[in-house]
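What follows is a single structure, and I will ask about it in a moment.
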There are 2 protein chains.
Amino acid sequence: MTSDDVRTRIIATADDLYNARGIQSVGMDELRTAAGVSLKKLYQEFPSKSSIVMAVLERWHASWTEGLDARVRQADAPRDRLLAMFDYLAEWFGQDSFRGCGFINSFAELGAVSPDVAEYARKHKESFQVYVGHLAADAGAPSDLAPQLSILAEGAQTTAAIAGTSDAAGHARRAAEVLVDAALMRPSRRAG
Amino acid sequence: MTSDDVRTRIIATADDLYNARGIQSVGMDELRTAAGVSLKKLYQEFPSKSSIVMAVLERWHASWTEGLDARVRQADAPRDRLLAMFDYLAEWFGQDSFRGCGFINSFAELGAVSPDVAEYARKHKESFQVYVGHLAADAGAPSDLAPQLSILAEGAQTTAAIAGTSDAAGHARRAAEVLVDAALMRPSRRAG
DNA sequence: CAGCGTATAGAACGATCGTTCTCAAAACAA
DNA sequence: TTGTTTTGAGAACGATCGTTCTATACGCTG
């Protein structure tokens with residue numbers, strides 16, 4: 001087995017465990033057992049737990065970014081592309097493994113004691129806002145729209161996580177439609 | 001010193017520490033020292049750490065609920081009362097001690113391993129949605145509006161916490177104005 | 001087969017967790 | 001004062017944390 005295989009397996013296992021139960025609740029021994037790797041090999045690949053955490057955050061960032069972009073590319077019209085992120089959220093929330101945004105969660109857990117985690121979470125959210133900003137600019141919307149839609153997306157994530165339902169995606173999407181149509185000066189359709 | 005004084009001081013100290021650094025990062029010994037109370041007295045007042053955590057959650061819930069309601073009562077018009085929550089958020093975000101919503105944070109930290117914490121967080125957020133629902137109903141808005149504004153408020157909290165700025169309150173407020181005016185069928189003012 | 005280098009499983013380390021116990025000082029009763 | 005009870009600070013407990021070390025099994029070369 002190559003070194004890359006081992007690394008990948010460790011990160012994938014840590015991804016699952018950290019997402020399901022949080023970072024501090026998962027010890028190195030449990031990760032070692034679940035990944036089927038010796039403790040020595042684990043520390044051969046990663047110098048410390050925090051380096052595994054950072055690798056998992058990178059995986060989460062890549063997975064989220066790619067998944068979102070793929071979903072956005074399915075839409076053609078600028079308005080639909082702006083709203084596609086909420087369809088992506090809906091799919092995500094529907095997964096059994098969904099337990100909230102890993103960045104919000106890891107920031108809540110470790111943001112105050114780990115500057116690295118805090119900064120990575122901040123950059124991830126910032127890159128999302130920048131991405132939404134590009135979509136909004138393509139649609140010709142004023143610059144206010146992007147942070148508003150981003151806040152809606154964040155709120156949907158925490159609401160879905162805590163409430164345990166995926167309704168939040170639908171609510172957020174309908175709110176986004178109103179905001180987008182107002183920004184583009186279209187008449188927004190209202191559920192009479 | 002009465003028993004109530006000791007309890008109150010322990011809870012107030014735990015409030016500060018848990019808010020600033022998270023729950024799992026603060027040990028009983030640190031809490032004991034910061035509260036100026038012997039370990040024996042601490043365990044005399046609370047049978048376990050988790051009971052302290054629950055007491056702090058109750059304090060957070062009461063503080064948030066009362067603060068929000070006080071702010072809402074300052075406004076008279078139904079529309080202003082609906083938007084007042086975002087002014088309350090703005091004040092909160094501006095405090096030095098702000099480090100995100102304690103319920104979102106504690107849910108992220110312990111929701112998966114402590115059913116009590118998960119349920120309390122769920123109920124807190126649900127009670128907020130119900131409160132917003134009453135405000136929306138008083139304004140004559142359709143039932144869709146309340147969850148949408150709630151999601152905006154949640155998103156503002158996580159965004160303000162992670163980004164470290166209080167801009168999110170303003171963005172959320174402006175988005176809320178558009179949603180409220182659309183729901184009430186008023187022409188929404190746009191920043192041309 | 002003999003001998004050597006590597007990889008592994010898991011024992012063990014020091015630190016810290018939540019919690020309990022000890023034991024001396026303080027407070028009170030008579 | 002003397003005897004009893006309550007309080008106090010903090011030592012100590014077992015468990016678990018992240019991390020390191022050791023002792024054994026294995027694969028290779030000759």
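What you see below is based on every heavy atom in this structure, not just the backbone, and it leaves out hydrogens, waters and symmetry mates. Residue numbers start from 1 in every chain, and the chains themselves are labelled A, B, ... in the order their sequence lines are given, proteins ahead of strands.
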So which protein nitrogen or oxygen atoms get under 3.5 Å of nucleotides 5-8 of chain D's nitrogens or oxygens?
| unit_1 | atom_1 | unit_2 | atom_2 | d |
| --- | --- | --- | --- | --- |
| D/dG8 | O6 | B/K40 | NZ | 2.5 |

Distance-only criterion, 3.5 Å: show the donor-acceptor pairs between side-chain atoms of residues 108-118 of chain B and protein atoms not counting sequence neighbours.
| unit_1 | atom_1 | unit_2 | atom_2 | d |
| --- | --- | --- | --- | --- |
| B/E109 | OE1 | B/I23 | N | 3.0 |
| B/E109 | OE2 | B/I23 | N | 3.2 |
| B/E109 | OE2 | B/Q24 | N | 2.6 |
| B/S114 | OG | B/V117 | N | 3.2 |

Checklist line | Partner residues of A/F128 under the ring-ring contact (aromatic ring centres under 6.0 Å, His included) criterion, sequence neighbours left out | finding: A/W64
Margin query: I'd like to check the side-chain contact (heavy atoms from CB on, under 4.5 Å) partners of A/E58; sequence neighbours left out, ordered by chain and number.
Written below: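 By the side-chain contact (heavy atoms from CB on, under 4.5 Å) rule, A/E58 matches A/Y120.
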Next item on the list: Not counting sequence neighbours, list each pair that qualifies as a salt bridge (Lys or Arg N to Asp or Glu O under 4.0 Å) and has a residue in residues 21-32 of chain B.
Entry: B/R21-B/E30, B/D29-B/R32
Next item on the list: Mind checking side chain to side chain donor-acceptor pair (under 3.5 Å) for A/K125 and listing every partner two or more places apart, or none if nothing turns up?
Entry: A/E154
Next item on the list: Determine, using the 4.5 Å side-chain heavy-atom cutoff (strictly less than), whether A/L89 and A/I162 are members of one ILVMFWY cluster.
Entry: no
Write down the protein N/O and nucleotide N/O pairs, taken from nucleotides 11-18 of chain C, whose separation is under 3.5 Å; answer none if there are no such pairs.
| unit_1 | atom_1 | unit_2 | atom_2 | d |
| --- | --- | --- | --- | --- |
| C/dG18 | OP1 | B/K49 | NZ | 2.4 |
| C/dG18 | OP2 | B/M28 | N | 2.8 |

Notebook entry, point to check: Nearest-Å distance, CD (B/E45) to C1' (C/dT19)?
Noted result: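 That distance rounds to 17 Å.
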Item checked: For B/F93, ring-ring contact (aromatic ring centres under 6.0 Å, His included) partners two or more places apart -> B/F98
Item checked: Rounded distance in Å - CG (A/L42) to P (D/dT19) -> 10 Å
Checklist line | Bend angle of the helix from C/dC1-D/dG30 to C/dT22-D/dA9, end axes from five pairs each (to 10°) | finding: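 End axes: 30° apart.
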Next item on the list: With sequence neighbours left out, write down each residue that passes side-chain contact (heavy atoms from CB on, under 4.5 Å) with B/D69, or none if nothing qualifies.
Entry: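 Result, side-chain contact (heavy atoms from CB on, under 4.5 Å) vs B/D69: B/R73, B/Y131.
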Note to self: Checking B/F46 now: which residues fulfil ring-ring contact (aromatic ring centres under 6.0 Å, His included) with it, not counting sequence neighbours?
What the structure shows: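 B/F46: no ring-ring contact (aromatic ring centres under 6.0 Å, His included) contacts found.
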Check: For B/R71, which residues count as a side-chain contact (heavy atoms from CB on, under 4.5 Å) partner, sequence neighbours excluded?
Finding: B/Q74, B/D87, B/Y88, B/E91
